[in-house]
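Every chain is numbered from 1, with letters handed out A, B, ... down the list of sequences.
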Number of protein chains: 2
Amino acid sequence: MDYEPVGLATDLVILTVRDGRFEVLLIRRGIPPYQHRWALPGGFVRPGEDLETTARRELAEETGLTGERLPGEQGGRIHLEQVATYGAPDRDPRGRVVSVAYLALVPDLPAPVAGSDAAAASWVEVSDVLADPARLAFDHHRILTDAVERARAKLEYSPLATAFCPDAFTISELRGVYEAVWGTPLDPRNFHRKVTKTTNFVTPTGQTTTRDGGRPAQLFHRGTATTLHPPMTRT
Amino acid sequence: MDYEPVGLATDLVILTVRDGRFEVLLIRRGIPPYQHRWALPGGFVRPGEDLETTARRELAEETGLTGERLPGEQGGRIHLEQVATYGAPDRDPRGRVVSVAYLALVPDLPAPVAGSDAAAASWVEVSDVLADPARLAFDHHRILTDAVERARAKLEYSPLATAFCPDAFTISELRGVYEAVWGTPLDPRNFHRKVTKTTNFVTPTGQTTTRDGGRPAQLFHRGTATTLHPPMTRT
DNA sequence: TCAAAAGTGTTTGGTGTACACCCATGC
DNA sequence: GCATGGGTGTACACCAAACACTTTTGA
């Protein structure tokens, strides 16, 4: 066939919300190029491997999350979606490498990051990384920018914010996700009404918790909705 | 490097609206695999070539549109955006080929399709193609589905419908685009009010036309807006 | 009893929808 | 004049922002 063979890789933008902070998982590169610089986790697609399979495998390597539904768990699967593909001829000094970027949204991980083969992996606040275009290796700043914009937009018209929450969560915990990702405060009372009245956004578990302090709050699971009508608004 | 070399290609979903019909440009394949079957135009990325450059080159080959701004023309550039990347290991019988799909929105072309190297190229109504999952070669039905969904969604919150219109257009011509792409009728009066009151969606040229019959209609250019607040609604 | 967070009620203004109605042209 | 599409006015329903207020817990 008449084509240039290229290296095919995937890069992962793994986002979470921890203690009200919107964070991304970065690794410190142990080998050249860009040795000792921060980068998104990623790697090459193996022979015969599907793109999403590569992404899930790397997600598991970095976070220990398999994306499989655990027995007894309600929500289960980790949200993973393709964002875009980056293929500038000079984006990797080693040669022609095209990278398919994936966005993963994970809840606050109970266990620390384990099983990573990177020199160091850590959660870093998204706003800090976005503010410094030179912090990341390769074109990863561009990739992160695109992925974060996608995530912020999707919170408006999809129930994706629940992907950041544990299996059972309170409305104010969900609101905390919106506030962290968007960086804006929301009215707790109108937010509560809007979420609970949008059909299939969340479903009550019948249980309550006082882990957030104050009056006990109802616990909810993710609902079955895939899009929100009307959308949540950012103001 | 430790990776499987793959063929890298781009496929194009070129959409237009002609006489109130929402259409896609398809080619009839002259060579195997899938000889004599309909497919999206596309081809391999050349050595050292950027992905979008490949897409623009193929767009020019199929339609004669360079995407360059013609002298004296207002709108100019053809809208071209990346949709997604398709990389299932068995999607091409010739071997591992990963394809980056691009979406192009073009106005009703004044000149016929020229300079095409395909056996045959023609405009086909989108709804007809979508209704028959076996009509297209490779995984092109999936690609078309994704691209059309993207286009339909983007009409809501971006001024992209103007990409289907000529340099100067009337509000009812713009409404015709929405109706063709969404497949739903819209109230002409409310549509007119909404479009003209959304800041920078369209800008008046000061001229009028009677080409649509009836009372002369004002002509507009595309405005400078990139997103629409509030969005257009599909009902 | 107080602080803190959950949740409900109510007012008020803006926005989309439906449709009556008038305007400017070609024939 | 009449048909045709362009464009404006307006009533009404709905929705969301703002905020007063009550509820239920822990300390």
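Judged by distance alone with a 3.5 Å cut-off, a donor-acceptor contact links the side chain of R193(B) to the base of dG9(D).
Without hydrogens or angle criteria, R37(B) side chain to L136(B) main chain gives a donor-acceptor distance under 3.5 Å. Under a 3.5 Å cut-off, the side chain of R18(B) and the backbone N or O of E23(B) do not form any donor-acceptor pair.
Between the CG atom of N190(B) and the P atom of dA20(C) there is a distance of 13 Å, given to the nearest Å. Regarding R189(B), its CZ atom lies at a distance of 14 Å from the P atom of dC22(C), rounded to whole Å. The interatomic distance linking D187(A) (CG) with dC15(D) (P) rounds to 18 Å, in whole Å. Rounded to an integer number of Å, the gap from M232(A) CE to dC15(D) C1' is 14 Å. The nearest whole Å value for the distance from the NZ atom in K194(B) to the P atom in dG6(D) is 19 Å. Distance CG (L186(A)) to C1' (dC19(D)): 16 Å, rounded to an integer number of Å. In this structure, the CG atom of L174(A) is 16 Å from the C1' atom of dA5(C), given to the nearest Å. Computed from coordinates, the F191(A) CZ to dT8(C) C1' distance equals 17 Å when rounded to whole Å.
For R175(B), a side-chain nitrogen or oxygen approaches OP1 or OP2 of dG6(D) to under 4.0 Å. Under 4.0 angstrom from either OP1 or OP2 of dT17(C) there lies at least one side-chain N or O belonging to T235(B). Distances shorter than 4.0 Å separate some side-chain N or O of S172(B) from OP1 or OP2 on dG6(D). Between H192(B) and dG7(D) there is a side-chain polar atom (N or O) within less than 4.0 angstrom of OP1 or OP2.
Taking CD from E52(B) and CG from L80(B), the interatomic distance works out to 5.0 Å, rounded to the nearest 0.5 Å.
Looking at heavy-atom distances under 4.0 Å, T196(A) makes no contact with the nucleic acid at all. No contact: T170(B) has no heavy atom under 4.0 Å from any strand. Note on P188(A): nothing from the nucleic acid sits closer than 4.0 angstrom, heavy atoms only.
The two residues P41(A) and L25(A) have their closest heavy-atom pair at CD-O, 3.4 Å.
Contact check of residues 205-216 of chain A against DNA chain C (heavy atom, cut-off under 4.0 Å) returns D212(A), G213(A), G214(A), R215(A), P216(A).
H140(A) and F138(A) have tilted rings, their planes meeting at an angle from 30° to 60° on a 0 to 90° scale.
Using a 4.0 Å cut-off between charged side-chain N and carboxylate O, D146(A) and R142(A) make a salt bridge.
Remark: Q207(B) CD is loosely packed, at most 12 non-hydrogen atoms of other residues, nucleotides or ligands lying under 6.0 Å away.
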